[in-house]
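Heads up: the structure comes next, in structure tokens.
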Amino acid sequence: MNGLEIDNVSLSFGGLKAVDGLSFSVEPGSVFTIIGPNGAGKSTVFNLICRIYDPSQGDIRFNGKSLRKAKSHEVINHGIARTFQNIELFEHASLLDNLLIGRIRHGKFGPLSELFFTRSQMRQELAHRRKAEEIIEFLDLEGYRHARVADLPYGVRKKTEMARALVSEPKILLLDEPSSGLTSEETDDTAFVIEDIREVLGVTVVMIEHDMKLVNKVSDMVLAINEGRFLASGSASEVQSDPDVQAAYLGGQAA
Amino acid sequence: MRVIFRKSYVQDIQLFRDRGQAFWYLLFAAIALAAPLFLDGYFLDELSFVFIYAIAGLGLMVLTGFSGQVSFGQAAFVAIGAYTHTILLTRYSVPWLLSLPIAALVAGLVGLAVGRICGKMHGLYLAIATLSIAIVTERLIGGAGDFTGGHRGLSVPEINILGLAIDESWKVYLLNFVIFVGCILIVRNLTRTRSGRAMIAIRDSEVSARALGTNVAFFKAYAFFISAVFAGLAGGLLAHAFFYITPETFGMGESIRLLLMIVVGGIGTIHGAVFGAFFIVLLPTVLSWVKIVLPSAVATSGGFDSLAFGLILLGFILFEPDGLYGRWTKIHHYFNVFPMYKKRSFQRQKTFLKTERLR
Amino acid sequence: MTEVLRASNVETMYGRVMAIRGISLTVKEGSVVTVMGSNGAGKTTILKTISGALDPFKGQVEFEGRDITALDPDVIARVGIAHSPEGREVFSLLSVKDNLMMGAYCRKDRDEVARDLEKVLGWFPVLRTFLEKQAIYLSGGQQQMLALGRAFMQRPRVMLLDEPSLGLSPLLISEIFQIIKRINVEEGVTMLLVEQNASVALPAADFGYVLETGRIVMEGERDVLMKSADIREFYLGIKAESARGDRRWKARKTWR
Amino acid sequence: MTALSFADAMQLFVVGLSQGCLYSLIAIGLVLVYKATEQVNFAQGEFMMLGAFVGYQFIVLMGMPYWLGAMLTLVFMGAFGYGVEALVVRRLTGQPVFTVFILTLALGIALRAVAGIIWGFGNYSLPAPVDGNLTLGPVIISWASVLSIVVTAVVASALYLFFRYARQGVAMQALSLNQLAAFYMGIPVKRLTSSIWAMSAIFGGIAGLLLGPMTLVSTQMGFIGFKAFAGAIVGGFGSIPGAVIGCLLIGVTEPFFDIMFPTLKGIGAYLIMFLVLLIRPQGLLAQIYAKKV
């Protein structure tokens with residue numbers, strides 16, 4: 001089958017089950033949201049997909065191919081790109097360089113052509129640059145192109161990280177709390193960006209998110225987990241009306 | 001203040017930022033090429049040393065400045081280069097033009113192996129591991145007996161390229177200069193292509209470098225390889241400059257000196273390696289001038305040179321952590337914006353320590 | 001009510017950027033004051049300037065009439081200001097208990113400290129179960145509780161809270177804010193609260209400031225702010241539904 | 001390679017043990033600073049050298065009674081360590097670890113030069129605190145070696161307890177983990193940091209006083225500090241028990257290694273360290289944790 005499949009995956013840290021027999025699948029072209037209380041294992045799921053952790057049981061497949069044998073730097077070659085909860089940018093490089101680093105999967109290692117900067121190398125560099133510029137325009141980052149990432153405001157850094165994942169031309173984008181730390185105004189923008197990512201770029205989005213307004217606006221499918229286990233899934237409104245989710249996560253207050 | 005108008009993407013990846021910059025660099029190159037006309041042998045020899053150290057420094061810059069791997073063992077690769085080159089020349093009569101690249105490559109391969117082994121180490125662990133490589137290399141060369149000349153050392157023949165004897169200071173100077181420029185171009189090319197970016201990615205965040213498809217172990221080893229090739233090249237040239245090499249020439253102290261050199265120059269920039277080389281080579285000369293005006297009790301005491309070296313370094317780290325190149329850009333900036341210079345734009349703030357034990 | 005904290009005309013650089021430009025604010029004893037604003041507006045910088053982690057370029061910070069501008073952060077902490085920083089900043093490799101006891105480092109009254117420890121563990125029962133565990137193993141929400149508890153263990157007169165809701169689930173946010181309110185009411189600790197999430201922060205506060213690009217653009221009592229159209233639109237996210245549903249263009253802020 | 005008799009082996013073992021204890025004393029000073037401030041003091045070997053020279057000044061040149069001279073030396077070292085932190089190292093707080101590497105390397109160079117200018121570049125002898133030998137069956141061990149073993153054991157266990165239970169000890173760890181947060185707690189970060197450096201310099205001084213009589217006092221004696229580094233790294237830098245274990249491991253294996261491979265004399269410590277790092281890149285008692293992403 002197509003899309004991303006998590007099949008009965010478990011992982012424990014020192015006896016504590018962080019993820020416990022979790023299964024779900026993501027339809028291509030959809031926006032899939034994972035919600036759940038803090039420490040429910042949401043980021044761990046991303047880390048499992050990206051092979052930072054090795055599951056103790058179960059399989060993760062993308063477009064029918066198992067990822068279990070892949071090394072963590074090979075995951076992106078399957079078309080899976082991600083952002084991080086606490087922003088992991090290349091702080092001392094410019095925004096543009098960050099995006100160009102995002103193009104790393106689209107290049108071959110050619111020591112001689114690199115060190116002597118041949119014409120074909122130049123053409124390659126220009127192609128990367130054009131792609132980076134496309135994404136810069138797509139996310140309205142023009143003004144910051146040559147700024148050092150460490151000097152950028154938080155909201156822009158957040159967008160930069162998204163841009164860096166997008167220049168790698170992924171098939172599926174994992175967003176770890178895209179709205180955390182943003183104001184409601186910026187969160188609204190994020191909603192439009194996510195819709196554009198899906199519609200204009202045709203990228204499947206899997207996100208972890210707390211802001212229920214954003215979740216309601218963009219998700220096709222919502223999965224709620226708690227303590228590493230499945231809690232509920234369905235449309236955003238179905239999941240929110242689920243009594244288990246209310247008790248463990250929303251605390252009765254309709255968001 | 002000069003503003004760069006960018007009209008095409010090519011502009012950002014060109015060798016020079018704009019015409020003005022190209023003009024200045026070409027002018028410098030021209031002056032350097034013409035230097036034998038107006039400098040005497042002593043200064044040409046000194047400048048030769050500057051170029052050679054700058055080559056070794058460029059290598060270390062790739063390793064430490066770009067890929068973020070601190071190495072206290074660069075002199076080991078310089079030694080391997082120097083010894084391979086000398087032994088090939090004297091024992092196997094390999095032509096100079098072949099011997100030097102082989103020496104660089106041998107050093108590079110050893111570097112590759114070290115990089116592969118040390119790939120998982122970080123910060124202090126890597127620093128001490130590489131330091132021990134420097135110590136072990138020195139001992140191994142010293143202990144290898146006749147093959148390397150042991151602790152007695154080896155004498156190095158004159159440079160001879162295809163029958164052309166490079167026997168005078170100005171010839172050696174020009175040869176070193178050409179190789180030096182070549183090395184700069186290579187490092188510059190590295191910075192504007194994929195591998196260079198991969199190294200910077202590893203330096204700043206290994207996790208996301210991996211997530212974006214960087215084979216971290218590979219590029220760490222590659223950085224070691226390039227750095228060792230440069231060191232080996234510098235070693236080959238240095239052997240000629242010294243005429244006679246012993247294992248002690250390339251001990252732990254030399255490794256540390258090389259590292260200090262790129263710090264004084266300004267870490268992470270090509271300029272830094274060059275500035276640092278100027279500093280480290282010319283410092284003793286400058287100090288010998290200073291000594292003339294100092295009371296003889298101070299000047300003749302044995303520790304004066306190293307005390308001065310230590311104190312200058314301390315001063316740099318405390319007051320100008322960006323090194324000579326950093327100071328230079330600030331002065332440059334001052335004149336560029338002349339009446340509007342604000343001290344504020346480079347003001348340092350209270351900073352606080354955060355643990356690096358989590359990675 | 002008397003003023004306990006006052007900042008007058010403070011300007012602070014953050015890196016190479018002027019992050020706050022001439023800010024004056026006052027905090028009355030026993031109140032909860034919130035500072036709202038978007039990213040990069042300078043909210044964190046205000047707190048850091050008050051607690052001494054950043055030195056202001058200009059201006060003055062006073063605590064109970066005493067000038068505390070640009071003192072070292074530990075001195076300011078001992079004066080009676082506890083800062084619970086953004087991103088929790090717990091001592092990751094120390095146990096939960098040691099983390100809490102570090103809050104009480106400067107206190108000599110052992111019995112009181114023990115009582116306060118019990119109080120904190122009463123508010124956050126989860127912490128009790130992890131008491132001997134290293135803080136790194138706590139989830140984000142638990143770390144937030146720990147940071148809050150640790151700040152309370154200082155027995156401060158004023159608490160500076162930086163984004164206590166960051167990255168927390170809706171349930172946890174409401175729990176944490178209940179505790180914050182309790183500390184304020186029951187323990188009489190004055191609060192200066194910086195929040196992105198105005199929809200939780202403003203209802204919990206008595207007085208609010210709105211910060212935009214380093215300047216205060218609006219201030220007022222909670223009830224006044226709650227009625228402001230701009231606040232409702234941009235910070236509380238309550239929108240007049242337009243005929244076309246979601247609007248993609250941005251309304252202009254007028255700060256009325 | 002010659003076969004070793006049991007008695008010879010025991011003798012070598014004891015020699016190695018006391019040597020390992022001296023490495024440990026230097027390494028403890030290193031780890032102490034690292035544990036509390038995450039700074040690495042490459043000049044720790046030079047601190048030891050300075051301790052030995054100051055002791056030489058008081059005891060030999062000025063003719064003080066041994067224990068008085070030794071006490072004064074340690075007082076001097078404490079003040080010196082405190083001053084170095086307060087006046088020099090503090091300015092670099094928050095800079096990358098690498099910057100502090102370089103700073104302390106430079107400090108080491110300067111200290112060697114200063115010692116050479118003051119006391120000269122020769123070799124000088126320092127009296128041992130205790131004379132005579134202890135004979136245990138076939139093994140002969142000097143009382144000075146016994147003393148160094150005892151001192152190391154006492155210092156290491158006292159420090160272990162200090163970091164585990166004392167309020168200041170925990171606070172020192174806290175400030176190494178997150179200095180800003182420690183400031184926010186009202187912990188007197190600056191004073192504690194300087195005190196740590198003072199303690200570390202005192203341990204360097206003790207090591208210098210113990211090592212001086214065995215190797216002679218010279219400006220070069222500080223290089224032994226690199227072996228202490230190797231030991232601390234084998235143990236997993238940042239752990240005091242680890243440092244002691246690592247240094248003892250290196251101290252004990254070194255004499256055997258030197259006898260087995262005479263041509264490689266002196267580099268055994270580094271080869272052992274390399275081997276350990278190959279298997280455990282973080283040392284025996286790892287102090288590095290995975291960051292959450």
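Side chains included, hydrogens not; waters and symmetry mates left out as well; all remaining heavy atoms used. So that the names make sense, note that chain A is the first sequence line, chain B the second, and so on, each numbered from 1.
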Give the minimum heavy-atom separation between [X] and [Y], together with the two atoms involved.
| X | Y | answer |
| --- | --- | --- |
| D/Y184 | C/Q154 | O-NE2, 2.9 Å |
| C/E89 | D/A181 | O-CB, 3.4 Å |
| D/M185 | C/C106 | O-SG, 4.1 Å |
| C/R78 | D/G186 | NH1-O, 2.8 Å |
| D/A174 | C/L94 | CB-CD1, 3.8 Å |
| D/L180 | C/A53 | CD1-CB, 3.7 Å |

More than 12 heavy atoms of other groups within 6.0 Å of [X] [atom1]:
| X | atom1 | value |
| --- | --- | --- |
| D/R191 | CZ | no |
| D/Y160 | OH | no |
| C/R107 | CZ | yes |
| C/K97 | NZ | no |

Quick one: pull up OH in C/Y105 and CG in D/L192 and give me the separation to the nearest 0.5 Å.
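Between atom OH of C/Y105 and atom CG of D/L192 there are 4.5 Å.
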What is the distance from atom CE of C/M102 to atom CG of D/N178, rounded to the nearest 0.5 Å?
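Reported to 0.5 Å precision, the distance equals 13.0 Å.
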Go through C/H83, C/R150, C/M101 and name the one with the most non-hydrogen pairs under 4.5 angstrom from chain D.
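It is C/H83.
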Heavy-atom proximity to chain C below 4.5 Å, by part of D/V170
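Backbone plus side chain of D/V170, per the 4.5 Å heavy-atom cut-off to chain C.
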Name the region of C/V79, side chain, backbone, both or neither, that has any atom closer than 4.5 Å to a heavy atom of chain D.
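Looking at C/V79, nothing touches chain D.
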Indicate yes or no: at least one non-hydrogen side-chain atom of D/Q173 is less than 4.5 angstrom from one of C/L93.
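When only atoms from C-beta onward are counted, C/L93 and D/Q173 do not touch, as no gap falls below 4.5 Å.
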